[in-house]
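All residue numbers refer to positions in the sequence shown, counting from 1. Being a predicted model, the structure only gives us computed values, none of them experimental.
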Amino acid sequence: MHASNRYIGFGLVTLSGCLWFLACTPFDWSALAWVAAVPMLLAIDRAPTLKGALLLGWWAGVVETAGGFYWLIDTTQRFTDFPWIGAALVFALFCATRAIIFLAFTGIVCAIRRRRPVPMALAAPLVMAMCECFVPQVFPSGQWISQAWHPLVIQITELTGPFGVTALLMLVNGALYDVLVKAPSARRSAIAAAVILAAALGFGAVRMRQVDELIAHAPRLEIGLVQPNFAYTNDGDFSREEALHELAALQEQSRRLVQAGAQLVVWSEGSYPVALPRDFSADFSPDSPAMIRRGFATPVLFGANTFESEESDAFNSALLLDQAGQAAGRYDKVRLMAFGEYIPGVDHFPWLRNLLPAGIGRFKAGAGPAVLSLQQPGGQTWHLGPLICYEDLLPEFIHDVGALHPDMLVNLTSDQWFGAASEPWEHLALSVFSTIELRVALVRSVNSGISAMIDPNGRLLAKTYADDPYRHPRAADGIVVSAPKMSGGHTLFVAWGNWFAYLCAFATCIIALLVYRPRRGA
């Protein structure tokens with residue numbers, strides 16, 4: 001009997017894990033996210049022991065992570081030259097650690113509900129939003145990604161950040177669970193979920209109309225997004241001929257996009273094929289093979305490694321050349337990728353460098369977010385908020401950028417390491433939320449795609465494709481997009497940050513104190 005219940009429990013949490021990752025891109029069965037948690041809640045709430053419940057909740061997270069991040073096996077093999085079995089072990093460790101979100105969720109919910117029957121419609125959204133915010137992640141994500149292509153649902157991000165979307169999903173899941181098990185609070189849970197969901201959607205409809213009105217009257221900038229489709233080596237060691245070939249491809253596409261009307265050209269992360277000194281101040285002369293803007297005079301924002309000396313670690317930078325070819329600004333990436341751009345703990349354990357290929361972990365972090373000013377003919381100035389790599393999906397970093405009030409976000413990234421099947425789509429989906437958090441457009445130049453433009457309402461208006469340059473190489477490409485100028489960062493999220501997640505944590509603590517308060521006469 002116990003074995004049968006155990007199998008049923010594992011079946012239920014496995015089902016929840018599958019429903020969660022199927023709700024997300026590239027599968028995009030997003031409606032499943034509104035019911036995905038119900039099987040897991042049933043399993044953990046009915047588990048005979050807390051230890052058993054924790055195991056079930058953790059396993060749900062393992063399954064959800066495995067289905068969403070399966071591409072890490074292939075990426076690890078490409079990036080580190082690990083054998084398949086080694087890459088699989090790294091992937092298993094990643095799944096096990098990211099599932100701590102679900103382990104913590106299960107522990108807190110069960111600790112509360114085993115003491116008193118707090119409605120799941122109350123406990124589930126508070127605890128999951130808190131856990132997603134406070135449990136560290138290498139690749140930050142959450143249940144909110146499942147609703148990326150539904151602008152009406154995610155407009156509350158302007159107020160709550162993406163954790164509000166997770167809470168909304170878990171509110172509905174919790175109410176459905178309360179109704180399913182015929183909890184005493186089922187009626188109140190259902191009414192509360194319906195009212196809050198309707199309010200969120202109503203807010204979304206009103207705000208989208210308001211923002212659309214602002215977009216309609218905003219000045220616009222035509223932007224050429226170059227997609228190089230280059231297959232970079234791990235250590236960046238390649239010949240002069242290869243460097244000149246890549247630079248020529250970037251310039252050819254830039255000229256084509258300028259002819260199509262681009263007023264600003266954007267190249268992807270690290271696209272300029274050689275490192276530049278930190279005192280770089282102007283484009284090279286026409287007689288130099290290193291000249292950046294050859295055959296076009298439009299401003300260009302491009303990614304390059306910059307260094308203080310040949311012996312020092314480099315910076316992953318975005319540099320802006322203005323109409324006259326002068327360096328108008330530089331931004332250095334702040335949030336470096338662990339085990340790619342830096343090795344955690346290497347200052348204390350230098351031998352860690354020996355575990356990874358040459359060239360890995362040799363970057364310094366920038367001082368902080370920045371705004372680059374682009375002066376357009378006629379005197380209009382655009383304040384560009386540069387984001388490099390995965391900085392466009394970090395809520396706390398987007399908050400810091402928003403405090404500088406950029407007119408538009410510009411993301412330069414690579415993504416070629418991850419293949420074309422899933423990760424580029426997941427990255428794109430997660431980046432959608434930054435536009436609503438700040439109420440500005442986001443343009444993305446991605447080495448192997450997906451280059452795109454997302455408007456201030458979080459709508460994906462233009463996109464290219466995802467390419468795997470190592471297996472299916474394609475010629476350099478690009479598109480021209482039209483972005484509105486809107487002073488960003490005037491939102492509750494930028495003013496108060498992750499207040500919603502902190503409020504969820506505070507409310508959870510209050511509930512825990514109330515349910516564990518000694519009863520009179522005990």
Side-chain angles (χ1 to χ4, degrees), residues 129 132-145 147-148 151 153-167 207 211 266 269 301 303 316 318 331-337 365-372 382-413 415 426-446 450 452-460 483-502:
E132 283 189 352
C133 180
F134 295 112
V135 175
Q137 301 184 60
V138 176
F139 296 102
S141 182
Q143 291 182 32
W144 68 79
I145 187 180
Q147 305 304 303
V153 176
I154 63 177
Q155 296 304 307
I156 59 172
T157 303
E158 173 187 0
L159 307 176
T160 65
F163 306 110
V165 179
T166 287
R207 283 300 286 148
V211 174
V266 183
E269 175 188 9
L301 178 62
N316 186 349
Y331 163 70
D332 303 317
K333 184 181 179 184
V334 176
R335 298 300 181 89
L336 301 180
M337 180 68 73
V371 167
L372 305 180
W382 284 70
H383 302 293
L384 310 178
L387 306 165
I388 298 178
C389 192
Y390 77 142
E391 288 178 334
D392 61 342
L393 56 86
L394 304 175
E396 67 279 6
F397 188 74
I398 294 297
H399 165 268
D400 294 342
V401 175
L404 303 177
H405 304 297
D407 299 322
M408 176 176 61
L409 296 174
V410 186
N411 179 222
L412 287 67
T413 189
D415 281 2
E426 292 171 1
H427 190 171
L428 176 64
L430 288 167
S431 73
V432 164
F433 295 86
S434 64
T435 65
I436 303 174
E437 289 163 356
L438 269 59
R439 289 300 181 187
V440 294
L442 167 68
V443 297
R444 310 177 73 238
S445 176
V446 186
I450 303 163
M453 178 194 151
I454 305 163
D455 81 352
N457 269 324
R459 291 175 296 213
L460 179 62
K485 183 179 191 291
M486 297 178 65
S487 179
H490 303 286
T491 63
L492 186 64
F493 174 75
V494 172
W496 292 3
N498 281 326
W499 68 272
F500 180 78
Y502 283 96

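Here the CZ atom belonging to F493 is positioned 11.0 Å from the CG atom belonging to L159, to the nearest 0.5 angstrom. Here the straight-line distance linking atom CG of L460 with atom CG of L442 works out to 10.0 Å at 0.5 Å rounding. Taken to the nearest 0.5 Å, the CD1 atom of I450 stands 5.0 Å off from the CG atom of L428.
Contact of the D455 side chain with the T435 side chain is not registered, since no non-hydrogen atoms from C-beta on lie closer than 4.5 Å. P456 is not listed as a side-chain neighbour of I436, based on a closest heavy-atom distance of 4.5 Å or more. With a 4.5 Å cut-off on side-chain heavy atoms, C389 and K333 count as touching.
Listed here is the closest heavy atom pair of Y331 and G368: CE1-O, 3.5 Å. When all heavy atoms are compared, the tightest approach of A129 to A167 is CB-CB, 4.3 Å. Residues V443 and A483 approach most closely at CG1-CB, 4.4 Å, considering heavy atoms. S434 and I398 make their closest contact through CB-CD1, 3.8 Å (heavy atoms, listed as atom of the first residue, atom of the second, distance). Annotation for G164 and F500: closest pair CA-CE2, 3.6 Å, computed over non-hydrogen atoms. Smallest separation of non-hydrogen atoms from L430 and P140: CD1-O, 3.6 Å.
Identified under the salt bridge (Lys or Arg N to Asp or Glu O under 4.0 Å) test for residues 397-406, with sequence neighbours left out: none.
With sequence neighbours excluded, the residues that form a side-chain hydrogen bond (donor to acceptor under 3.5 Å, both in side chains) with E132 are T166. Every ring-ring contact (aromatic ring centres under 6.0 Å, His included) that H405 has, sequence neighbours left out, goes to H490. The side-chain contact (heavy atoms from CB on, under 4.5 Å) test applied to W496 returns L492, W499, not counting sequence neighbours. Listed by chain and residue number, T413, D415, R444, S451 satisfy the side-chain contact (heavy atoms from CB on, under 4.5 Å) test with V446 (two or more places apart in sequence, or in another chain). D332 meets the side-chain hydrogen bond (donor to acceptor under 3.5 Å, both in side chains) test with R278, S317, R330; sequence neighbours excluded. Scanning for side-chain hydrogen bond (donor to acceptor under 3.5 Å, both in side chains) contacts around H399 gives an empty result, with sequence neighbours left out. Checked against side-chain contact (heavy atoms from CB on, under 4.5 Å), V138 has the following partners two or more places apart in sequence or in another chain: F94. For F163, the ring-ring contact (aromatic ring centres under 6.0 Å, His included) partners at least two apart in sequence or on another chain are W144. For the side-chain contact (heavy atoms from CB on, under 4.5 Å) test, residues two or more places apart in sequence or in another chain that qualify with P151 are Q155, M208, R459. Every residue was checked against the side-chain hydrogen bond (donor to acceptor under 3.5 Å, both in side chains) condition with S431, not counting sequence neighbours, and none meets it. The salt bridge (charged side-chain N to carboxylate O under 4.0 Å, His left out) search around E437 returns none, not counting sequence neighbours.
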Apply side chain to side chain contact (heavy atoms under 4.5 Å, CB included) to the pair V165 and F433, showing each step before the final yes or no.
-> CA-CA 10 Å; V165 179; F433 295 86; 4.3 Å; yes

Please step through side chain to side chain contact (heavy atoms under 4.5 Å, CB included) for the pair H427 and D392, ending with a clear verdict.
-> CA-CA 9 Å; H427 190 171; D392 61 342; 2.8 Å; yes

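Applying the 6.0 Å contact sphere to CZ of F139 captures more than 12 heavy atoms from other residues, nucleotides or ligands.
Residues E396 and N498 have side chains that never bring a donor and an acceptor to within less than 3.5 angstrom of each other.
The pair R439-E158 meets the salt-bridge criterion, since a charged nitrogen lies less than 4.0 angstrom from a carboxylate oxygen.
Here the side chain of N411 pairs a donor or acceptor atom with the backbone of L387 at under 3.5 angstrom. Of the possible polar contacts, one joining the E391 side chain to the V334 backbone as a donor-acceptor pair under 3.5 Å is found.
In summary, of the residues considered (L393, I154, N457), a side chain to side chain contact (heavy atoms under 4.5 Å, CB included) with V432 occurs for I154 alone.
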